[in-house]
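As the structure is a prediction and not an experimental result, all values here were calculated from the model. Both backbone and side-chain heavy atoms feed into the values below; hydrogens, waters and symmetry mates do not.
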Amino acid sequence: MAGTVAIVLPPGPAGDAAALVRRLQLMPSRFRPYVLGPPGTGALAEIVHRRIGLAWLPTGAQHRYAIRAAEHLARLRPAVIEVHDAPQVASLLGGRFRPIPVILVLHTDPQAQRGAH
């Protein structure tokens, strides 16, 4: 049975990341993709897609988004977690879900992103 790769789209616009996810439909894989994205992310045909919002906490938006993603990931128990364009989210999920590999995929200049140092 194939493992699940959880793909966490960035909390803001997900243009490049969403395009990559759509291409997964065309490629055979040993993994089943499961996508988590912000409200407003369009339907990703034939790929399980869960819209997630922000948790209510007096903290930053990236942290609140990571908390919501973690809630879904805890139930899913994926083989791999792939986070797109959200270094802070990747860092928080990496600490929470050891030993599951967390991969950060950057589509933009990392020097311009908070938490990418």
Side-chain angles (χ1 to χ4, degrees):
M1 182 174 192
T4 299
V5 58
I7 301 167
V8 181
L9 297 179
D16 292 341
L20 284 174
V21 170
R22 285 189 184 94
R23 288 186 198 139
L24 282 174
Q25 299 173 82
L26 306 174
M27 300 166 69
S29 175
R30 293 178 18 208
F31 292 98
R32 290 183 318 261
Y34 184 95
V35 180
L36 299 171
T41 304
L44 300 167
E46 297 184 24
I47 294 178
V48 177
H49 178 236
R50 180 76 53 208
R51 289 175 179 86
I52 56 172
L54 303 178
W56 187 92
L57 284 174
T59 184
Q62 295 271 326
H63 192 178
R64 296 182 321 188
Y65 186 76
I67 290 169
R68 275 292 184 248
E71 291 171 358
H72 290 280
L73 295 169
R75 289 188 296 269
L76 183 63
R77 297 176 57 195
V80 176
I81 300 170
E82 182 179 294
V83 180
H84 288 261
D85 266 347
Q88 290 177 324
V89 173
S91 177
L92 290 164
L93 294 178
R96 165 75 170 77
F97 288 99
R98 285 187 181 138
I100 297 171
V102 175
I103 301 166
L104 174 61
V105 180
L106 296 174
H107 301 273
T108 57
D109 182 3
Q111 295 176 4
Q113 293 187 16
R114 285 183 78 181
H117 58 283

Q) What residues, two or more places apart in sequence or in another chain, satisfy side-chain contact (heavy atoms from CB on, under 4.5 Å) together with Ile67? A) Ala55, Leu57, His63, Glu71
Q | For Ile103, all residues meeting side-chain contact (heavy atoms from CB on, under 4.5 Å), sequence neighbours excluded | A | Val80, Val105
Nearest-0.5 Å distance that lies between atom [atom1] in [X] and atom [atom2] in [Y]:
X     : Y     : atom1 : atom2 : answer
Gln62 : Arg64 : CD    : CZ    : 10.5 Å
Ile7  : Glu82 : CD1   : CD    : 5.0 Å
Arg68 : His72 : CZ    : NE2   : 7.5 Å

Minimum heavy-atom distance between [X] and [Y], given as atom pair plus value:
X     : Y      : value
Gly3  : Ala79  : CA-CB, 4.5 Å
Leu36 : Ala69  : CD1-O, 4.0 Å
Leu73 : Phe97  : CB-CZ, 3.6 Å
Ala90 : Leu104 : CB-CD1, 4.0 Å
Ala66 : Leu92  : CB-CD1, 3.8 Å

Q. So, do Leu106 and Asp85 sit near enough that their side-chain heavy atoms are less than 4.5 Å apart?
A. yes
Q: For Arg98, enumerate each residue passing the side chain to side chain donor-acceptor pair (under 3.5 Å) test, keeping only those at least two apart in sequence or located in another chain.
A: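 Partners of Arg98 under the side chain to side chain donor-acceptor pair (under 3.5 Å) test: none.
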Q: Give a yes or no on whether Val89 and Val102 share a hydrophobic cluster (residues Ile, Leu, Val, Met, Phe, Trp, Tyr; joining criterion: side-chain heavy atoms under 4.5 Å apart).
A: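 Yes, one cluster joins them.
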